[in-house]
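Encoded as C-alpha cells, the structure appears first; notes follow it.
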There are 2 protein chains.
Amino acid sequence: MDRQGARAKTGAQSGRAPVTLAQIARQAGVHVSTVSRALSLDDDVRDGVAAETATLIRGLAEELGYQRDPAGAALRTGRSRMLGVLVPRLTDIVLATIYEGIDAAASAAGYHTVVANTGDDPEMQQRRAHALLARRVDGLVLGDARSDCDLVAELARQQIPLVLVSRRLPGRVSVTTDDTLGGRLAAEHLLGLGHRRVAVVAGEPYASTGVERTQGFLDAFAEAGLPVPKSHVIGSAFDVPGGRAATDHLLGLRPRPTAVFAVNDFAAIGVMAAVRDAGLTVGQDVAVVGYNDVPLAAALPVPLTSVRSPMYRMGEVAATTLVNMLNGKPGRSRRLRPALMARASTLGDTPPGPVP
Amino acid sequence: MDRQGARAKTGAQSGRAPVTLAQIARQAGVHVSTVSRALSLDDDVRDGVAAETATLIRGLAEELGYQRDPAGAALRTGRSRMLGVLVPRLTDIVLATIYEGIDAAASAAGYHTVVANTGDDPEMQQRRAHALLARRVDGLVLGDARSDCDLVAELARQQIPLVLVSRRLPGRVSVTTDDTLGGRLAAEHLLGLGHRRVAVVAGEPYASTGVERTQGFLDAFAEAGLPVPKSHVIGSAFDVPGGRAATDHLLGLRPRPTAVFAVNDFAAIGVMAAVRDAGLTVGQDVAVVGYNDVPLAAALPVPLTSVRSPMYRMGEVAATTLVNMLNGKPGRSRRLRPALMARASTLGDTPPGPVP
DNA sequence: TGAGGCTACGCAAACGATTGCACTTTGGTC
DNA sequence: GACCAAAGTGCAATCGTTTGCGTAGCCTCA
C-alpha cells in the first residue's frame, strides 16, 4: 500500500501531521467513537457520554490542539458546513458590506463561506453557482437574483437551500430592505422640501431593488397629486457613469426637474457630477437623493442625502435564515427598515425649508 | 448499520444524490480505480489508461454530470484545493479588487478561495488564520501583514505555504507594487510642478505600503535638495477620517504646505475634505496626490491625481505564485510597476506649469 | 519459442469522522 | 433475589477518492 499516512496530511500544515480522533482515543483509553461523541457539535449526541469521560476527552483535545478534519466529517455526514455566496461584485461596497454580515453570522454558526463574483452576468451566475455546488456547499446566499432569468428557479427545483439577499424574487425566501418604503421616504422628503418636478434614475430593470425603490417613490408622488411623467423616469447602470449618463438626458428636459432620486449612491454620485458639469449647483439648483447611505455619501464635498439601508444586518439575517433552514426550520422573508439621512445635497447650505 | 447511503449525500443537492465514481465504473464495466485515473487532474496518471477507455469514461462522466466530491478527494490526498485569504477588510475597494484578482487566478488553477476580514487587528488575524487552517486550506494569501506582530513568522515556522500581497515583510514571498517607486513618482510630479513645501499623510507605521511610499517620496525630495521636515510627515489611519484628521494638523503649519501626498486614496479624499473645510481650494491652494487610483478618484468633483497600482493583477500574481509553490516550485517576490495619473487635484483647472 | 518488457487494468487499503446497533454495567423496583 | 431499564461505551460499516502493487495479456527481439 501507499505510505501516504507517513507523509503530512494537509498541505498547509506540512510541519506536523494534524491530530486525529484516534490519537485522542488512544491517550484517553477509550474508543474513537466515544471521542467523536464527546466532541460532537450535536448536544444530544454529546449528552450520551459520561460527564467525567467527556471532560477528560475535551481536555486532551484542547491540549493536543485537535481540529476536526472537515473532509472526514463531510464525507461521512454529507454536510460541508460551507455556504456559497454569489454577488454581482465585491468591489461594490454595498455588496461587500452585506457579505461581511453574511460571513460574520455564518462564522458564528460554525459555517465558512465561499464567495464568488458574477458581474451580474447570467452566464457567469450559472457557472459560479455550479462551481459552488461542485464544492458541495450546504446552501446558497444569492445577492444577484435577476427577475429576467431562471437560475434561481432552476436551483430551487433542485431543492438547493437558498436565501436571496438585497434583491427579492416572488415566491423565494429573501432578506432585503423595504425598498418600496425607502423610495417613499425619498419622495416624502422631497415633497416636504416643496419639490414638484422631479426625476428618477431608476437602475436596471432586472433588479428588484431599483424597481421597488422607483415604485415607492412614484406612488408617493402620485398620491400627493403630482404624478411623475414617464419621461422623467430613466433606467441606468448602478454605477457612476450610469448615473451621469442618465442625468445628461434629464437635464435636457424642459422644464428642468428640481430634484433627482437615484436608486443607489453610486448612480447618485454620477448625477451630482453631471449636475456640476452642467454648471449647476447640487443642493441649490438641483436636489439629489441616493440610496444605501454608503460611508462615502456623508464625506462628499456636497454631502449626499441618502436612504440608509442596514446592509451589514441584512447579510447577518440572510445567513442566519439560511442556517436555520439547513436545520430544518422554515425560512421566511424579511424586509428591514430603511431610514432617510438628510444632508446638503437636498437641504443646500441653508436649513431646510420649502423651495418654491 | 445506518442507512445514510439511502439519503441524499449533500445538503445542497438534496434532490438527487450526486454521481460517484462507482456509478460510472458500473456503467462503463470497469473498476472504479480506472475511472479515477481516467478523470484524474494529473496528466501522468491520466495517460495510464487506454485512450478508448478514457473516452468512454469521460463521455459517461459528462453525460451523468459527474462532479468529484471534494471531501473524498481531500480525505485521501490531504489537499483541499482551497486557498485562504486574509484581508483587513473587504469593504476597502483596494483589497476587494486584489481579492477579485486572487479569486480569478485561483479559479483558473482549479482552486477555490475562502476569504476572511481581520480588521487589521492582530488578535483577529490570529483567530481567522487558524479558522482557515482548521478548514485545511492548502495555503494562505495574506493581505494584512503587519511588521509589528509575528503571526506571519509563526505561520512560516509551521511550514504553511503563504504569499503576502499588497504589503511586504522582509524574507517573505510577497507580491506588491513598487511602493518606493510610487512614492518617488508622486514626489517627482510635485517637484515638476514647482512645489517646495510639501507634506505627507503617511498611513499606519505597521504597513509596508505607507512606509515605503513615504520613504520613496522623501528620498526624491531629499535628492532634489529639498528635504521634507519631520513635522511635515504625519501618521494616519488609511481612511477618510484619518486623512482629514492629519490634514487639520498640517494646515496649521506655517508656512503652510502647498502640496500633500497621502499614501492612499481614501486618506487623500479626507485631505481634500479638510482642505475644502478650511476654505481653501484643492488644486489651486493645495495640491493633493493619492495612491492606488481607485475608480472613484477620477470621478471626484476635483479629480484626484493618484499613483495607479495594478491591484487586480497583483491579486492574480499572488494567487498564481502560491499555486506554483504548492506544486513545488520556489516562490519569488514580485514588485509591480505603478504609474502616476495626473489630474486636477494637482494640475488645477489650468494646464500644468510651474507654481512659484 | 521463450524471456523480457510494457500496457492497461483490477485489487484493496487507506484517509478521518460518524452512527445504528449490540453489549456491559449499574441501579432501582417489586 | 430476580428482573428490567437506563446509561455508557465499543464495534464495525460506511461516505468517495486515490494509489502502490500485482497481474494478465500482448508485443518484441534474440
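Numbers restart at 1 for each chain; the letters A, B, ... are given by sequence-line order, proteins then strands. On a predicted model such as this, the values are computed, not experimentally measured, just so you know.
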Pull out every protein N or O sitting under 3.5 Å from an N or O of nucleotides 7-10 of chain C, one pair per line with the distance.
| unit_1 | atom_1 | unit_2 | atom_2 | d |
| --- | --- | --- | --- | --- |
| C:dC9 | OP1 | B:T53 | OG1 | 2.3 |
| C:dC9 | OP2 | B:A50 | N | 2.7 |
| C:dG10 | OP1 | B:H31 | N | 3.1 |
| C:dG10 | OP2 | B:H31 | N | 2.7 |
| C:dG10 | OP2 | B:T34 | OG1 | 2.3 |
| C:dG10 | N7 | B:R37 | NH2 | 3.1 |
| C:dG10 | O6 | B:R37 | NH2 | 3.0 |

Inset, instruction - Using whole Å, report how far CG of B:L75 lies from P of C:dG16. - result: 7 Å
Inset, instruction - Give a yes or no on whether a salt bridge exists between B:E316 and B:R313, defined as a side-chain N under 4.0 angstrom from a carboxylate O. - result: yes
Legend entry - From C:dT19, D:dT17, C:dC15, nucleotide with atom closest to B:L21 side chain: D:dT17
Legend entry - Protein-nucleotide distance (A:D44, atom CG; D:dG8, atom C1'), rounded to Å: 16 Å
Legend entry - Separation of D:dT17 P from B:Q67 CD (nearest whole Å): 11 Å
Legend entry - Inter- and intrachain pairs under side-chain hydrogen bond (donor to acceptor under 3.5 Å, both in side chains), touching residues 50-59 of chain B, at least two apart: none
Under 3.5 Å, side-chain donor or acceptor atoms of residues 108-115 of chain B against the rest of the protein: list the pairs with distances, not counting sequence neighbours.
| unit_1 | atom_1 | unit_2 | atom_2 | d |
| --- | --- | --- | --- | --- |
| B:Y111 | OH | B:R79 | NH2 | 2.7 |
| B:T113 | OG1 | B:Y99 | OH | 2.7 |
| B:T113 | OG1 | B:D103 | OD1 | 2.8 |

Expected list for residues 23-33 of chain A: side-chain donor-acceptor pairs under 3.5 angstrom, two or more places apart:
| unit_1 | atom_1 | unit_2 | atom_2 | d |
| --- | --- | --- | --- | --- |
| A:H31 | ND1 | A:S33 | N | 3.0 |
| A:H31 | ND1 | A:S33 | OG | 3.0 |
| A:S33 | OG | A:R37 | NH2 | 3.2 |

Inset, instruction - Return the value, rounded to whole Å, for the distance between atom CZ of A:R26 and atom C1' of C:dG16. - result: 13 Å
Inset, instruction - Quick one: which residue pairs count as a side-chain hydrogen bond (donor to acceptor under 3.5 Å, both in side chains) with a foot in residues 318-333 of chain A, not counting sequence neighbours? - result: none
Legend entry - Atom-to-atom span, CG of B:D69 to P of D:dT14 - whole angstrom: 18 Å
Legend entry - Of the listed nucleotides D:dG16, C:dT19, D:dT19, the one nearest the side chain of A:T77: C:dT19
Inset, instruction - Return the value, rounded to whole Å, for the distance between atom CZ of A:R79 and atom C1' of C:dA17. - result: 15 Å
Inset, instruction - Please report, rounded to the nearest Å, how far the P atom of D:dT9 is from the CD1 atom of A:I57. - result: 8 Å
Legend entry - Partner residues of A:R146 under the salt bridge (Lys or Arg N to Asp or Glu O under 4.0 Å) criterion, sequence neighbours left out: A:D148
Inset, instruction - Please work out if B:T20 contacts a base, only the sugar-phosphate, or nothing of the nucleic acid, heavy-atom cut-off 4.0 Å. - result: sugar-phosphate
Inset, instruction - Please report the closest heavy-atom contact between B:R167 and B:S174, naming both atoms and the distance. - result: O-CB, 4.1 Å
Inset, instruction - Grab the CZ-C1' distance between B:R136 and C:dA17 for me, whole Å please. - result: 11 Å
